[in-house]
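Ligands are counted one by one from 1 in listed order, and the atoms in each one are counted from 1 as well.
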Amino acid sequence: RSLVRIASAAICTFAIGANSAFAADAVKLRISTPAVESDWHAKMLTVFKDELAKTAPGEFDIEIHLNASLFKQGTEPAAMQRGNLDMAMISAQDIAKQIPQWSVFTAGYLIRDPEHQKKVFNSDIGQKFYQMVADDMNIEILDVGYLGTRELNLANDKKITTPADLDGVKLRMPGSDAWLFLGNALGADATPLAFGEVYTGLQTGTIDGQDNPLPTVKAVKFYEVTKQIVLTDHLVDAIFLSMAKSTYDDLTAEQQKKVKDAAAVATAYNNKMRIEDEKSLIDFFKNEGLSIYAPDVAAFRTKVQNAYLESEFAKDWPEGIVEQINAVK
Ligand code: KDO
């Protein structure tokens, strides 16, 4: 293989100049995400790219496609599985469509905070669940990033305190069963819509609200078309920086290590920035004229946890997994 590489580099050098030799040999990595440029997980991809440029100069040619411009939200796992896409940031909800055990990580009020999230996925539990994704989906999870704690963000200013107050509220959720279940469990009428259509949906009134972490509410400017944020803290959300196994397995062991190390640097950057941002954003939204409500979180927690424990999803969870996750300190 290295002989072929040297030969192709030599031909390339001869044909189009010395500087192209590296580029011709570089592993192309196309990444697709619905994230907008100013959101931290989009910036995390740039950190990943910059880190590899330092640790493996000339070895990778990374293309980042934002705003779902390459693949629609939620179609990235299938694209990686078909060999049409190298990398994406996938959600537990995406994975749960193919691996039902993974729906445990779509449950509201289970993961307690970003630190708990990191510890769970770095533990044996995480390693076991990552292995399922490698075996059953042919996708290598490089690392977990904290997407943020999801809060309600509604177009009108009718005060929301308990799940009953959400009765009849058309709450946009991403389009999959796991997401819709969460929206309904909160007490709302969950309505599926792709991320890129949410701003207009709020503006035109086709939806009454949406849920996302506060840094995303800022990055996409949802505050321009909404009047309140309800601090339900209903899902400590994760995003998994992933690579098609077909791409990953073609890398040398050294490259695989560099890719994982770069993913760790990138997620650490994302997590730090996002956690800092979440602390300071309440004032930002207040200044933008939004009402910020502290609801009866215990009422939401009880309703949502019961809904999950009684759900069809829970039947697929590995025995004792909730207790094991709770026990991670
Ligand atoms: C969203 O559509 O609300 C969501 O937050 C779901 C996440 O899983 C993820 O796809 C995210 O959007 C996108 O990366 C855009 O920020």
N/O contact list for ligand 1, threshold under 3.5 Å:
unit_1	atom_1	unit_2	atom_2	d
ligand 1	2 (O)	Q73	NE2	2.7
ligand 1	2 (O)	R172	NH1	3.3
ligand 1	2 (O)	R172	NH2	2.9
ligand 1	3 (O)	R150	NH2	2.8
ligand 1	3 (O)	R172	NH1	2.7
ligand 1	3 (O)	N212	OD1	3.4
ligand 1	3 (O)	N212	ND2	3.0
ligand 1	5 (O)	R150	NH1	3.0
ligand 1	5 (O)	N212	OD1	2.7
ligand 1	10 (O)	Q73	NE2	3.0
ligand 1	12 (O)	Q73	NE2	3.3
ligand 1	14 (O)	H41	NE2	2.8
ligand 1	16 (O)	H41	NE2	3.0

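The ring pair (Phe, Tyr, Trp, His ring centres under 6.0 Å) test applied to F284 returns Y223, not counting sequence neighbours. Here W317 pairs with S103 under the side-chain hydrogen bond (donor to acceptor under 3.5 Å, both in side chains) rule; sequence neighbours left out.
Salt-bridge check for E254 with K258: passed, with a basic side-chain N closer than 4.0 Å to an acidic carboxylate O.
The side-chain heavy atoms of Q255 and D250, taken from C-beta on, include no pair separated by under 4.5 Å.
In this structure, Y308 has its ring center under 6.0 Å from that of F181.
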Can you list, pair by pair, the side-chain donor-acceptor contacts under 3.5 Å of residues 78-87, counting residues two or more places apart and other chains?
unit_1	atom_1	unit_2	atom_2	d
Q81	OE1	Q98	NE2	2.9
Q81	NE2	Q98	OE1	2.9
Q81	NE2	M137	O	3.2
D86	OD1	T247	OG1	2.9
D86	OD2	R30	N	2.8

